[in-house]
Number of protein chains: 2
Amino acid sequence: MLMNTETTLKTTDVRENILATGQRIMAGKGFSAVGLNEILATAGVPKGSFYHYFGSKDAFGEALLDHYFEHYLAELDEMLRQPNKTMAERLISYWQKWEENQSFFDCQGKCLAVKLGAEVADLSETMRLALKRGTKGIIDRLAQAIEAGTADGSLSIKGSAHDNAESLYQLWLGASVMVKIGRTTHPFEIAMKTTRQILHLSA
Amino acid sequence: MLMNTETTLKTTDVRENILATGQRIMAGKGFSAVGLNEILATAGVPKGSFYHYFGSKDAFGEALLDHYFEHYLAELDEMLRQPNKTMAERLISYWQKWEENQSFFDCQGKCLAVKLGAEVADLSETMRLALKRGTKGIIDRLAQAIEAGTADGSLSIKGSAHDNAESLYQLWLGASVMVKIGRTTHPFEIAMKTTRQILHLSA
DNA sequence: GTTTGTATTAGACCGGTCGTCTAGAAACGA
DNA sequence: TCGTTTCTAGACGACCGGTCTAATACAAAC
């Protein structure tokens, strides 16, 4: 069957709607604590439709993560392409954005790697692999940016660019968990200080 | 009714048993994904007994975390009191132990701060506060150790001891999440390198 | 040995879980 | 127009969730 444009649009809209709603809810409550019912009721989609678009809750989780990282990486790419800035400045603006998005007051942070990482990695192999793909994408881009930063002279590091990228990502991941636990953004300030130290930027 | 010693022992044993079993299972599957049934069946305690020892699943979670951190902090204290070692060596041995305990092959890591932090912080206020108390205990001890390390000359830092302690804890927390996601201990090697760099230890 | 009172347990309870399934509506091609 | 496929609708089943009440087990007191 060939669908016309309208149908195609509507169909992907429903799917997208379930995905977006699920992302919002699960970013707050986690994976296991949320039932399909809640997502579907909120999205205004009947239960019967769900299994047309997704094979299972597990498969839905995988799609959710892929969908999330796709947008995330696109935004990150844009961030690291900002004109009239040094690579170091671009990187710092990425972490500033992290601070804003992950702060607890606006619906308790939106980063799915932070929220679902530890919970889901031991629970579902497919979701674990989606998480792995996504975080690899982030770290690879950071590594490339750090490499470029050493080239344009705006930062300097000890050891390889990739190792530093991993380390910095770990640092911010952990900081995000601590922000959730403490309900203060102070961990982010600490992480930013350490980040500048590692990249040898002016304090 | 006055209980004799035997009864008292048995009672606390049952409680301890539920706690220990719950810790083992939840360290693997998380909080929401585990039902009381599973814990109680594994522990060999009848379902009806649960509410004699704990007020609710939430209260159980709080007790679980308190119980866990109590042991954790005692072990940490011991670690940081090892004789014939510099403070820097004691700290490094703590993180080496972290690597061992949190590596994925032995029942997927045992650190509850890692496993439950992000999941539970937005779910239950009492559990969040237990997590906050516990992690504060860890960071305070690390800060004190770092302070002592600068005094005995075995390490040196930039900025305050407490800030460095927070940063290092964040780093290792994030590294543990990445270990879960990637099923490699490589993040720990990276974290160790960065740790040595921050504390100005020989590579 | 019976009574008393508490520590502990068994199991019912209701609501929610994921996932299935049947029917029908809607959108297309011929 | 019809026939076919895509999508929607929501009842349904089997099961599991946390919670609570009513009954038991059992030590102490008399």
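Residue numbers begin at 1 in each chain, while the letters A, B, ... track the order of the sequences. All of these numbers come straight from a predicted model, not from anything done at the bench.
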With sequence neighbours excluded, give me every salt bridge (Lys or Arg N to Asp or Glu O under 4.0 Å) pair touching residues 42-59 of chain A.
none
Quiz: residues 64-73 of chain A side-chain donor-acceptor pairs under 3.5 angstrom, not counting sequence neighbours:
from	atom 1	to	atom 2	distance (Å)
A:D66	OD1	A:R133	NH2	3.0
A:D66	OD2	A:R133	NH2	3.4
A:H67	NE2	A:E16	OE2	2.8
A:Y68	OH	A:L112	N	3.4
A:Y72	OH	A:Y94	OH	2.7

Here the gap from A:H200 atom NE2 to A:I157 atom CD1, rounded to the nearest 0.5 Å, amounts to 9.5 Å
Suppose the criterion is salt bridge (Lys or Arg N to Asp or Glu O under 4.0 Å): which pairs have a residue in residues 78-94 of chain B, not counting sequence neighbours?
none
Among D:dG18, D:dA9, C:dT20, the one nearest any side-chain atom of A:Y51 is C:dT20
Kindly give the atom pairs (protein nitrogen or oxygen, nucleotide nitrogen or oxygen) under 3.5 Å for nucleotides 13-15 of chain C.
none

Give a yes/no answer on whether the side chain of A:Y53 brings an N or O atom under 4.0 Å of OP1 or OP2 in D:dT8.
yes
Candidate list B:T195, B:I139, B:L91, B:L142, test side-chain contact (heavy atoms from CB on, under 4.5 Å), partner B:L168, passing option:
B:T195
Assess the residue pair A:K97 and A:E100 against the criterion (salt bridge (charged side-chain N to carboxylate O under 4.0 Å, His left out)); give the C-alpha distance rounded to whole Å, side-chain angles, the decisive distance to 0.1 Å, and a yes or no.
CA-CA 5 Å; A:K97 182 131 191 174; A:E100 290 165 29; over 6 Å; no
Value in whole Å for how far the P atom of D:dG18 lies from CG of B:L123
12 Å
Here the distance between atom P of C:dT8 and atom CZ of B:F50, to the nearest Å, is 15 Å
Give, ordered by number, those residues of residues 31-45 of chain B having at least one heavy-atom distance below 4.0 Å to an atom of DNA chain D; if nothing qualifies, reply none.
B:V34, B:G35, B:L36, B:N37
Is the distance from OP1 or OP2 of D:dC7 to the nearest side-chain N or O of A:H52 less than 4.0 Å?
yes
Could you tell me whether the side chains of A:N17 and A:T21 share a donor-acceptor contact shorter than 3.5 Å?
yes
Do the side chains of B:Q102 and B:W172 get nearer than 4.5 Å, heavy atoms only?
no
If you count heavy atoms of other groups shown closer than 6.0 angstrom to CD of B:Q197, is the number above 12?
yes
OP1 or OP2 of C:dT9 versus the side-chain N and O atoms of B:S49: is any pair under 4.0 Å?
yes
Enclosure of A:Q144 CD (heavy-atom neighbours >12, cutoff 6.0 Å):
no
Starting from the C-alpha separation in whole Å, work towards a yes-or-no answer on side-chain contact (heavy atoms from CB on, under 4.5 Å) for B:Q23 and B:K110.
CA-CA 8 Å; B:Q23 181 175 323; B:K110 309 180 218 136; 6.0 Å; no
Provide, to the nearest angstrom, the distance between the CZ atom belonging to A:F60 and the P atom belonging to C:dC18.
11 Å
Angle between the two end axes of the helix from C:dG1-D:dC30 to C:dA30-D:dT1, five base pairs per end, rounded to 10 degrees?
10°
